[in-house]
Enquirer: 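Okay, here's the structure, questions in a sec.
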Amino acid sequence: IYSQLDFVFGKNPWGISFFHNFCEENVRHLHSQVAFMNGGYLPGGISAGPAPVASYKGITMLRQPSKLDKFNTKEVQFFDDKNDYISNEPTIITNATALFLFLYLQQQAK
């Protein structure tokens, strides 16, 4: 569990937290209508995170170059880009799983 938390909070090849506005280096350009309408701000939003390259097959997206691109591999990629709905969309399932995990850890700490 803790290694997964470390990964989500920034101990990963990209060196960023996948939680928006959490930690110094974090995902900043979520693919979200709410974030777009709120000046890019979506507190607590969690990016879907790195995705297999096969997920992008047949899909063309206009992306801005990023310092994170150098950490992408032939197998897995992540783009902190508001146009990338595959790796940078805050999904309900991702947020629900994180909420469950935090509640579970809180109960274990008692």
Side-chain angles (χ1 to χ4, degrees):
I1 290 176
Y2 293 105
S3 62
Q4 292 172 339
L5 283 176
D6 287 345
F7 186 89
V8 172
F9 284 120
K11 198 173 188 180
N12 57 60
W14 297 269
I16 65 168
S17 169
F18 294 111
F19 283 86
H20 176 70
N21 209 34
F22 191 88
C23 298
E24 187 173 330
E25 293 293 326
N26 64 83
V27 65
R28 300 187 192 284
H29 308 285
L30 293 172
H31 177 82
S32 163
Q33 290 177 339
V34 174
F36 177 77
M37 293 169 46
N38 200 22
Y41 188 65
L42 187 64
I46 308 170
S47 169
V53 171
S55 300
Y56 292 95
K57 187 174 182 172
I59 297 172
T60 303
M61 290 185 216
L62 297 175
R63 289 193 200 93
Q64 298 297 315
S66 166
K67 65 180 182 178
L68 302 176
D69 293 346
K70 64 184 174 185
F71 301 108
N72 291 333
T73 68
K74 292 179 182 178
E75 294 83 27
V76 179
Q77 296 184 344
F78 173 76
F79 301 97
D80 185 13
D81 191 303
K82 69 179 180 183
N83 294 318
D84 190 333
Y85 58 88
I86 293 174
S87 68
N88 212 29
E89 184 172 21
T91 62
I92 291 173
I93 192 164
T94 305
N95 283 271
T97 302
L99 182 60
F100 169 79
L101 181 59
F102 291 132
L103 291 172
Y104 173 79
L105 291 173
Q106 181 185 22
Q107 291 299 314
Q108 296 301 311
K110 289 183 179 181

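Below, all heavy atoms of this structure are taken into account, side chains as well, without hydrogens, waters or symmetry copies.
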Enquirer: Can you confirm whether F78 sits close enough to D84 that some side-chain heavy atom of one is under 4.5 Å from a side-chain heavy atom of the other?
Expert: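 No, every pair of side-chain atoms sits at 4.5 Å or beyond.
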Enquirer: Give the cluster check for F9 versus I46: same hydrophobic cluster or not, with ILVMFWY residues linked at side-chain heavy-atom distances below 4.5 Å.
Expert: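 Linked within one cluster.
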Enquirer: Has the side chain of N88 got a donor or acceptor atom that lies under 3.5 Å from a matching backbone atom of H29?
Expert: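 Yes.
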Enquirer: Can you tell me if CD on E24 sees more than 12 non-hydrogen neighbours from other groups inside 6.0 Å?
Expert: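 12 or below, so no.
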Enquirer: Search all heavy atoms of P90 against all heavy atoms of N95 and return the closest pair with its distance.
Expert: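 What the structure gives for the nearest pair is C-ND2, 4.0 Å.
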Enquirer: Using only atom types and a distance under 3.5 Å, with no angle test, would you say the side chain of T94 pairs donor to acceptor with the backbone of S47?
Expert: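 The answer is no, because no donor-acceptor pair under 3.5 Å joins these two groups.
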Enquirer: Find out whether D80 and W14 are in side-chain contact, i.e. whether some heavy atom of one side chain is under 4.5 Å from a heavy atom of the other.
Expert: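 Side-chain contact under 4.5 Å: no.
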Enquirer: Does CD1 belonging to I59 count more than 12 external heavy atoms closer than 6.0 Å?
Expert: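 Counting neighbours around CD1 of I59, more than 12 heavy atoms of other residues, nucleotides or ligands fall under 6.0 Å, so yes.
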Enquirer: When clusters are formed by joining ILVMFWY residues with side-chain heavy atoms under 4.5 Å apart, either directly or through shared neighbours, do V76 and F71 land in the same one?
Expert: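 Yes; F71 is reachable from V76 via cluster members.
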Enquirer: According to a 4.5 Å side-chain heavy-atom criterion applied to Ile, Leu, Val, Met, Phe, Trp and Tyr, with indirect links allowed, do Y85 and F36 form part of one hydrophobic cluster?
Expert: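 No, it is not one cluster - the side chains of Y85 and F36 are not joined through contacts under 4.5 Å.
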Enquirer: Identify the two heavy atoms, one from I86 and one from A51, that lie closest to each other, and give their separation to 0.1 Å.
Expert: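 Closest pair (atom of I86, atom of A51, distance): CG2-CB, 3.7 Å.
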Enquirer: Can you name the closest pair of heavy atoms from E89 and H31 and give their distance?
Expert: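 Closest pair (atom of E89, atom of H31, distance): CG-O, 3.5 Å.
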Enquirer: Say whether Y104 and L99 are linked into one hydrophobic cluster, either directly or through other cluster members, by side-chain heavy-atom distances under 4.5 angstrom.
Expert: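 Different hydrophobic clusters.
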Enquirer: Applying side chain to side chain contact (heavy atoms under 4.5 Å, CB included), run through K74 and V53 and close with a yes or a no.
Expert: CA-CA 7 Å; K74 292 179 182 178; V53 171; 5.7 Å; no
Enquirer: Looking at Q77 and S87, what are the two nearest heavy atoms and their distance?
Expert: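 Scanning both residues completely, I find the closest heavy atoms to be O-CB, 4.1 Å.
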Enquirer: So which atom in F7 and which in N12 form the shortest heavy-atom distance, rounded to 0.1 Å?
Expert: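 What the structure gives for the nearest pair is O-ND2, 2.7 Å.
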Enquirer: Using atom types as modelled and distance alone, determine if a side-chain donor or acceptor of S17 lies under 3.5 Å from a backbone N or O of F22.
Expert: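 Checked: pair present.
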Enquirer: Hey, does the side chain of D69 reach the backbone of S66 with a donor-acceptor pair shorter than 3.5 angstrom?
Expert: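 Judged by distance alone, yes, a pair lies under 3.5 Å.
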Enquirer: Answer yes if V27 and L42 sit in the same cluster of Ile, Leu, Val, Met, Phe, Trp and Tyr residues linked by side chain heavy atoms under 4.5 Å apart, and no otherwise.
Expert: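 Yes.
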Enquirer: Determine yes or no for a side-chain-to-main-chain donor-acceptor pair under 3.5 angstrom, with N83 supplying the side chain and L62 the backbone.
Expert: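 A pair under 3.5 Å: yes.
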Enquirer: Relative to the ring of F19, is the ring of F102 parallel (under 30°), tilted (30 to 60°) or perpendicular (over 60°)?
Expert: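 If you compare the ring of F102 with that of F19, the planes turn out tilted.
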Enquirer: How long is the gap from NZ on K82 to OG on S32, to the nearest 0.5 Å?
Expert: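 The distance works out to 12.0 Å.
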Enquirer: Does Q33 have more than 12 heavy atoms from other residues, nucleotides or ligands lying within 6.0 Å of its CD?
Expert: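 Count not over threshold, so no.
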Enquirer: Please examine the side chains of Y41 and H20, heavy atoms only from C-beta on, and report whether any two atoms are closer than 4.5 Å.
Expert: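 Yes, side chains in contact.
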Enquirer: Mind listing the closest non-hydrogen atom pair of F18 and P50 along with its distance?
Expert: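 Smallest interatomic distance, heavy atoms only, reads CZ-CD, 3.6 Å.
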